[in-house]
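Presented below is the structure to which this report refers.
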Amino acid sequence: MAFNSRKKEEVRMKCKTEDGGWSPYLAGAMVGLLAIASVYATTQWMGKSNYLGASTTFVRAAGLLERTVAPDRVAANQYFTKEKVRVDWQFMLVLGIFLGALISSATDKSLKLESVPPTWEKRFGPSIGKRAVGAFLGGIVAMVGARMADGCPSGHGLSGMMQLSVSSFVALAMFFIVGVLVAALVYGRRSS
Amino acid sequence: MSTDQLLGLITGVLFGFLLQKGRVLRFEKQVGAMLLKDMTIFKFMLSAILVGMVGVNLLTDAGIISSGHKPMNLGAVLLGGALFGTGWAVMGFCPGTSIGALGEGRWHALFAIAGMVAGAALYAELYPFFKSTVLAWKDFGKIGLPEALGVSPWVIIPFFWAGTMSLFFWFEKKGL
């Protein structure tokens, strides 16, 4: 890289990253503002303070899908009854995340079709099948954990931490400590 | 579409937009943090917490919003947290970012999403068992750190800010 363009990069680094993204500090702080506005708005318009979260939506999605083949089973299930299988505020929020990411990436040319991420490929090769099995099994384990802990990095990590919830400090610490250990085992730091 | 749904959709679009702009949706960023090589997701998340913490506590103190602590159910948070960490490392996404990653074209997130829907169905099946075992060990209830320590949130928040800002300086110094 030429010295000149490098210098320009450094100046721009403050609010933009090399690939045209925003500084994670800036984008994160804006999510903080969004979280505040969202709790306020839900309290005003829905009569209940709702905090950002994502994982309960997977329970509702599972219930909606399962209902098409076994409606009685869903109706009789304690957990589905507790979480209420319906397309609610959080369900739409999760769909919105998809749209927002699509709009952002399509307009700044960072939309990219990826079937196997580089770190995965370095360890397990370019097989889509292997990646599919890993992502699927990882997804099962992670969601059982998230529902047990009653939150994911959105519900515990963002919303719970903002409110200084004791459970969120513990949950986030567990997510990360165990994540670090398992990632070291799975992606083998020796090889890199 | 109901007001609730419309509000959720608008909030979600903004959330997804910012997650994508912060470049935190990607497998590489998530696993990069767990491999202690790239702290982008922590810069993002902690910045959101720093800002959100002030506003949420101000609005709660003013009686405008109500807090929604999740229960400090010891077994559930410890075991659930460990299971989540395990799955997160292999999958390389969390529930919210998997959907966003799909939006920015990382279509292998579909396998993760399918796994998480299956995991949710499995949890629903196993719920009675968990309820009588891991969820029944020790529940401290929906507590906040201020009550637990017997201090005002405004005592904790400056410490949290100072600690996090130091961490940010350290990340930048180490080029993480």
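A note on names: the letters A, B, ... follow the listed sequences, proteins ahead of strands, and every chain is numbered from 1.
Heavy atoms of Tyr51(A) lying under 4.5 Å from chain B belong exclusively to its side chain. Contacts between Ile156(B) and chain A at a heavy-atom distance below 4.5 Å involve the side chain alone, from C-beta outward. If you measure heavy-atom distances from Phe15(B) to chain A, the contacts under 4.5 Å come from both the backbone and the side chain. Neither the backbone nor the side chain of Leu58(B) comes within contact range of chain A; no heavy atom of the residue lies under 4.5 Å from a heavy atom of that chain. Residue contact with chain B, scored on non-hydrogen atoms closer than 4.5 Å, involves the side chain of Leu65(A) exclusively. Residue Val54(B): no heavy atom, backbone or side chain, is found under 4.5 Å from chain A. Looking at Leu52(A), the atoms closer than 4.5 Å to chain B (heavy atoms on both sides) all sit in the side chain, from C-beta outward.
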Using side chain to side chain donor-acceptor pair (under 3.5 Å), reason through Glu172(B) and Tyr25(A) one step at a time and then give a plain yes or no. CA-CA 12 Å; Glu172(B) 294 309 319; Tyr25(A) 298 115; 2.5 Å; yes

Would Lys70(B) and Ser165(A) satisfy side chain to side chain contact (heavy atoms under 4.5 Å, CB included), going step by step from the backbone distance to the final call? CA-CA 7 Å; Lys70(B) 291 170 185 294; Ser165(A) 302; 5.8 Å; no

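Side-chain N/O atoms of Gln20(B) and Ser110(A) include a donor and acceptor closer than 3.5 Å.
Under the 4.5 Å side-chain criterion, counting only non-hydrogen atoms from C-beta, Asp150(A) is not in contact with Asn73(B). Between Leu164(A) and Ile157(B) there is a side-chain heavy-atom pair separated by less than 4.5 Å.
Note: Phe84(B) and Phe175(A) have tilted aromatic rings, judged against thresholds of 30 and 60 degrees for the angle between ring planes.
Taking 4.5 Å as the heavy-atom cut-off, the residues of residues 142-150 of chain B that approach chain A are Ile143(B), Gly144(B), Leu145(B), Pro146(B), Ala148(B), ordered by number.
Considering every non-hydrogen atom in both Glu66(A) and Glu125(B), the closest pair reads OE2-OE2, 3.8 Å. For Gly81(B) against Ala149(A), the heavy-atom pair with the smallest separation is N-CB, 3.9 Å.
In this structure, Val69(A) is not a member of the same hydrophobic cluster as Val117(B), with clusters built from ILVMFWY side-chain heavy atoms closer than 4.5 Å. Both Leu9(B) and Trp45(A) belong to a common hydrophobic cluster when Ile, Leu, Val, Met, Phe, Trp and Tyr are linked at side-chain heavy-atom distances under 4.5 angstrom.
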